[in-house]
Amino acid sequence: FGAEAKVFGRPAVDDETGHVVGMAIWFLSYSTWLGAHNLYLEDLYVRPEARGSGIGRLLLQTLAGICVDRGYPRLEWWVLDWNPARDFYAAIGADALTEWIPYRVDGDALRRLARK
């Protein structure tokens, strides 16, 4: 991504085969509440055949380590309500933020909003 990178990624590679079996993609966000950057996980993916092997946990541990090393107070991500990984996230100590409601503007509504 070059010296001006705004998006970061971390592959998980199987030591035996050399194949990529998972990945984490993230970027920095900023909290005016905290006055600090946070790490926002955009995507965490582990190939189905590698799930349950600890790769997801290792990727999240890596990101948590980046937060601690750089002084970022939060590691955050969104999860669809039907995603079975929610049990895994709860098991590692992540809390679902039920008080925040995501909003999105797209399609025709986005074009209408953009009108001057």
Side-chain angles (χ1 to χ4, degrees):
F1 291 108
E4 297 297 320
K6 303 295 184 214
V7 176
F8 306 90
R10 174 71 55 133
V13 179
D14 183 306
D15 290 335
E16 292 179 19
T17 66
H19 295 130
V20 174
V21 293
M23 60 147 190
I25 297 173
W26 75 92
F27 55 87
L28 297 182
S29 62
Y30 187 80
S31 169
T32 56
W33 292 88
L34 298 175
H37 281 103
N38 300 295
L39 194 153
Y40 182 83
L41 174 62
E42 176 64 24
D43 200 2
L44 177 70
Y45 179 76
V46 176
R47 289 183 181 272
E49 64 273 14
R51 292 177 187 163
S53 66
I55 291 170
R57 177 180 290 274
L58 287 171
L59 285 166
L60 287 170
Q61 284 175 331
T62 298
L63 298 185
I66 290 169
C67 289
V68 170
D69 292 347
R70 297 180 187 176
Y72 305 152
R74 292 180 181 158
L75 167 57
E76 299 179 306
W77 63 96
W78 287 16
V79 180
L80 292 168
D81 61 359
W82 53 261
N83 190 328
R86 291 178 66 195
D87 292 335
F88 163 64
Y89 298 142
I92 64 167
D95 294 320
L97 300 179
T98 57
E99 68 273 18
W100 289 90
I101 302 170
Y103 281 81
R104 176 180 292 157
V105 178
D106 60 6
D108 289 339
L110 180 64
R111 287 184 281 281
R112 280 192 306 275
L113 182 60
R115 289 184 190 146
K116 298 180 178 162

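What you see below is based on every heavy atom in this structure, not just the backbone, and it leaves out hydrogens, waters and symmetry mates. Since we're looking at a predicted model, the values are computed, not measured. The first residue in the sequence is number 1, and the count goes up from there.
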- Item | Remaining members of the apolar cluster that contains Ile101, side-chain heavy atoms under 4.5 Å | Tyr103
- Item | Contacts of Thr17 that satisfy side chain to side chain donor-acceptor pair (under 3.5 Å) - sequence neighbours left out | His19
- Query: Do Trp26 and Leu58 belong together in a cluster built from hydrophobic side chains that touch within less than 4.5 Å?
  - Reply: no
- Tell me, please, which residues at least two apart from Arg104 pass side chain to side chain donor-acceptor pair (under 3.5 Å). none
- The complete set of salt bridge (charged side-chain N to carboxylate O under 4.0 Å, His left out) pairs with one or both residues in residues 49-64, sequence neighbours excluded, reads none
- Contacts of Tyr89 meeting ring-ring contact (aromatic ring centres under 6.0 Å, His included) (sequence neighbours excluded), chain-then-number -> Trp77
- Looking only at heavy atoms, the pair that brings Trp78 and Pro102 closest together is CH2-CB, 2.9 Å
- If you round to the nearest 0.5 Å, how far is CG of Leu44 from CG of Asn83? 9.5 Å
- Enumerate the residue pairs fulfilling salt bridge (charged side-chain N to carboxylate O under 4.0 Å, His left out) with a member in residues 73-92, sequence neighbours excluded, ordered by first and then second residue. Arg74-Glu76
- When rounded to the nearest 0.5 angstrom, what is the spacing between CG in Leu60 and CG in Leu75? 6.5 Å
- Query: Should we say atom CD of Glu16 is surrounded by more than 12 heavy atoms from elsewhere, each under 6.0 Å from it?
  - Reply: no
- Query: Between CG of Leu39 and CG of Leu28, what distance do you get to the nearest 0.5 Å?
  - Reply: 6.0 Å
- Message: Once rounded to the nearest 0.5 Å, what's the spacing between atom CD1 of Ile25 and atom CZ of Arg10?
- Response: 13.0 Å
- Item | For Ala91, side chain to side chain contact (heavy atoms under 4.5 Å, CB included) partners two or more places apart | none
- Please list, chain by chain and in numerical order, all residues satisfying salt bridge (Lys or Arg N to Asp or Glu O under 4.0 Å) with Asp108, sequence neighbours excluded. Arg111
- Under 4.5 Å side-chain linkage, directly or through intermediates, the cluster mates of Trp100: Trp33, Leu97
- What are the two closest non-hydrogen atoms of Ile55 and Ala12, and how far apart are they? CG2-CB, 3.5 Å
- How far does OG of Ser29 sit from OH of Tyr72, to the nearest 0.5 angstrom? 10.0 Å
- Task: Check ring-ring contact (aromatic ring centres under 6.0 Å, His included) between Phe27 and all other residues, then give those that pass, not counting sequence neighbours.
- Result: Tyr40
- Ile92 with Leu59, same ILVMFWY side-chain cluster at under 4.5 Å: yes
